[in-house]
Protein chains: 2
Amino acid sequence: MSELTQGGRQPTIKEVAVHAGVSPMTVSRTLAGGVNVRPDLQEKVLAAVRELGYHRNENARSLRPGQTSGLIGVAITNLGNPYYGNFALGVEEVAAEYGRRIVLGNTGEDPARERQLIADFIGRQVEGLVLVPSGGASDHLQPERLGDVPIVLASRRVYGLDVDAVLLDDVGGAYRGTRSLLEAGHTRIGFLGNVRSVFTGQRRYEGFARALAERGIEPDEVLVQRDQQEVDSARAAMRRLLDLDDAPTAVFSANNRNTVGALKEIGRRLRAGADVAELPAIVSFDNFELAELMPVPVAVIDHDARQLGREAARLLLSRLSPGGRRVPARLVEMPVTLSASPVPVVVSGD
Amino acid sequence: MSELTQGGRQPTIKEVAVHAGVSPMTVSRTLAGGVNVRPDLQEKVLAAVRELGYHRNENARSLRPGQTSGLIGVAITNLGNPYYGNFALGVEEVAAEYGRRIVLGNTGEDPARERQLIADFIGRQVEGLVLVPSGGASDHLQPERLGDVPIVLASRRVYGLDVDAVLLDDVGGAYRGTRSLLEAGHTRIGFLGNVRSVFTGQRRYEGFARALAERGIEPDEVLVQRDQQEVDSARAAMRRLLDLDDAPTAVFSANNRNTVGALKEIGRRLRAGADVAELPAIVSFDNFELAELMPVPVAVIDHDARQLGREAARLLLSRLSPGGRRVPARLVEMPVTLSASPVPVVVSGD
DNA sequence: GTTCGCTATGGTAACGTTACCAACGATCGA
DNA sequence: TCGATCGTTGGTAACGTTACCATAGCGAAC
């Protein structure tokens, strides 16, 4: 058998044909289901396939007219974030159900990299694209620039781009979360979030501000910290809030990274002897594991990134079905749930 | 321009050639760097490329002899686990540095799915494979079955398969973690982990048992719970441990999922009024965010999944370089760090 | 002025695959 | 018995690309 696999090259259909003593066409037909191929020849072919370790060359296959690549291009901003990991999982699952495979790229929030990735994906003849846009210019995302490859945006929308999108109910979630703080009697509420240019950051701030406005409260700019992308900067922002003379009694955190940063700062203060009663309550957009074990009350605005991914893939695949391209762009907002403020774990000190 | 993009098909090099008034070869040469092409023709070609939105068909390109696909196949067990998300990120980063793209599949710990995925990857002419094996039979992973496509195993090894692998120092980490508990005076130590058939589960148990053996302690089978793959079953296992008449005073948790489950059970008991002093200390293999905020002492055996991914990709790419295939199989063990047991956050009850 | 050498350009074939058509033999009805 | 039909098989061409070869043009060197 060693001479069969010599050279490190994949065997071709021709070699299988020779090995089985038939023509390449008979091999092709057998692998396509075996219609109008004598059973004994099919067996011979399959034996040859097994023996040579033959796999059809999908790239060559996709070259033929009318054939598709079976690939979906997925570009996300940060695979290391569990949120996007779950999102990618959801996309992969649905794609796999429909016999598609995903090509994955991480943009790292870099528009140039996003451009490269999308160009590469199109070059690889992907049937469609799923993108968490990293912001910035959108001309490379216009339908004609994509060669009519359908695209679905996830988590964020791009201004001036009329394509399918799956979003969270950012505004509603932030509104409800903030309102729950107001109803608990808080009036000085801090805001931790992304820069304004990030779509979700903007939307979540909007929900936050709307809830305040309903009570006639003008957001105090001193309490609004929104330049934190990472845990460390979020922690620093939280420190600034807590060091204010008139520190907030509650903090709305617009995403996971900010929540973790805020909690780390709270942990630091507790270990330094701070009184838990003087530390703010937190509402966090984005759930995280073990929120229930936090020393201060943490309510979470929860959502399912995996479902978001599944929905994005479903939108995309529906476009790939016959006639699916003629449907106008759709916008899906996935619901979020506000957990009832859990009672914090109170540990008796010694 | 609308008539140019009509039909939803990608433009071909031929169409670009016609549009630019040159031959396909001139287009090809221009796109390949433009050696021996007059500058004015290059400009014409690039203008046509821009206008038509042309992207080279990578699948057709890879068909030509001597060409490679630029694809790396990555199959992991659970993308939803932040650990594997970071792992995939590491692989993607290094692959991208070397101009490769990754095709990603989620096996869900299902050997049949793993088989399918790998067959599909080979059919797509991937240059190499990165696999977190899901256990079970390994015949489909033998080099000759893979058509000499190099493979790198990650996190787990496969018995009887002599290929590159990147592992954590499971045994050493578990040993050191367990020893730290013993040094703190614990003698009844529970074990939460994966089933024995999972490679890491076996190795981490080995480190655990070795540390005990050094002190002349025989592991009490009642304290060893190792069938938990998910948070819920881990929580149930923790409950069984804590309900024992002779409950352990410390618990070694062999992975993230078990740690979260164990902590959730601890949280439940605290909210039900349990005394924190009666709850066990925990050593967790796998770090998690906010471990420092837990109400019981949690020491973590930390490691960097992203680095693990980067190293796996590096091993694979080195095999793809000239002569790289002749190197004997390598085994890399990534170091882990044991955090100093942090002081738990103690909150004064009211 | 002829030849040489170089650059620039285009035609052709092949990569692996399968839709299409042609051809073969067998079966069947008339 | 003969033509028609059907099941089965194989040859050919084309998908988009580029390595290779051929050729045309042009300046330099003798």
Side-chain angles (χ1 to χ4, degrees), chain A residues 7-45 48-49 52-71 120 122-127 147 149, chain B residues 7-45 48-49 52-71 120 122-127 147 149:
Chain A
R9 229 187 60 273
Q10 298 295 324
T12 71
I13 200 174
K14 219 166 176 175
E15 294 170 83
V16 175
V18 170
H19 200 81
V22 297
S23 79
M25 273 313 301
T26 299
V27 177
S28 177
R29 271 190 278 255
T30 301
L31 263 29
V35 269
N36 290 351
V37 180
R38 259 170 30 216
D40 58 320
L41 284 191
Q42 292 196 41
E43 269 179 50
K44 270 201 211 170
V45 167
V49 165
L52 296 176
Y54 170 74
H55 299 267
R56 283 194 294 200
N57 184 329
E58 294 294 330
N59 291 346
R61 251 154 77 75
S62 77
L63 207 56
R64 312 233 48 253
Q67 290 291 324
T68 56
S69 67
L71 286 178
D120 181 276
I122 293 175
R124 293 186 187 280
Q125 312 302 112
V126 295
E127 297 181 54
V149 175
Chain B
R9 229 186 60 271
Q10 297 296 324
T12 70
I13 198 173
K14 221 168 178 175
E15 295 170 83
V16 175
V18 170
H19 200 81
V22 298
S23 79
M25 271 314 300
T26 299
V27 177
S28 178
R29 270 189 279 254
T30 300
L31 264 29
V35 268
N36 289 352
V37 180
R38 258 173 28 219
D40 58 320
L41 283 190
Q42 292 196 41
E43 269 179 49
K44 270 200 211 172
V45 166
V49 164
L52 296 176
Y54 171 75
H55 299 266
R56 282 194 295 200
N57 185 328
E58 293 295 329
N59 291 346
R61 252 155 76 75
S62 78
L63 206 57
R64 313 234 46 253
Q67 290 292 324
T68 55
S69 67
L71 286 178
D120 181 276
I122 293 175
R124 293 186 187 279
Q125 312 302 112
V126 295
E127 297 181 53
V149 175

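Just so you know, these numbers come straight off a predicted model, no measurement behind them.
- Contacts of N36(B) with the nucleic acid, taken as non-hydrogen atoms under 4.0 Å apart, include base atoms.
- To the nearest 0.5 Å, the span separating CG on N36(A) from OG1 on T30(A) amounts to 11.0 Å.
- Considering only the side chain of L63(B), dG16(C) comes nearest among dG16(C), dT17(C), dT17(D).
- Of all non-hydrogen atoms in P11(B) and G53(B), the two that sit nearest each other are CG-O, 3.9 Å.
- Using a 4.5 Å cut-off on side-chain heavy atoms (C-beta onward), R124(A) and L71(B) make contact.
- Taking atom CG on D40(A) and atom C1' on dT9(D), their separation rounds to 12 Å, with Å as the unit.
- Between the CD atom of Q42(A) and the P atom of dT9(D) there is a distance of 9 Å, given to the nearest Å.
- Contacts of R29(B) with the nucleic acid, taken as non-hydrogen atoms under 4.0 Å apart, include base atoms.
- Side chain R64(B) to base dT17(D): a donor-acceptor pair is found below 3.5 Å.
- Comparing dG16(D), dT17(C), dT9(D) by their closest approach to the side chain of L41(A) singles out dT9(D).
- In this structure, the CZ atom of R38(A) is 12 Å from the C1' atom of dC24(C), given to the nearest Å.
- With distances taken from any side-chain atom of T26(A) to the nucleotides dT9(D), dG11(D), dG16(C), the minimum falls on dT9(D).
- The distance from the CD atom of Q10(B) to the CG atom of L52(B) is 11.0 Å, given to the nearest 0.5 Å.
- Taking atom CZ on R56(B) and atom C1' on dA19(D), their separation rounds to 14 Å, with Å as the unit.
- Going from atom CE of M25(B) over to atom C1' of dG10(C) covers 8 Å, rounded to whole Å.
- Rounded to whole angstrom, the span from the CZ atom of R61(B) across to the P atom of dG16(C) amounts to 17 Å.
- What separates OH of Y54(A) from P of dG16(C) is a distance of 10 Å, to the nearest Å.
- Nearer the 5' end of DNA chain C, as judged by each residue's closest nucleotide, is the contact made by V37(B), out of H55(A) and V37(B).
- With distances taken from any side-chain atom of S23(A) to the nucleotides dG10(D), dT9(C), dT17(C), the minimum falls on dG10(D).
- To the nearest angstrom, P of dC15(C) lies 7 Å from NZ of K14(A).
- In this structure, the side chains of V22(A) and K44(A) stay at 4.5 Å or more apart for every pair of heavy atoms.
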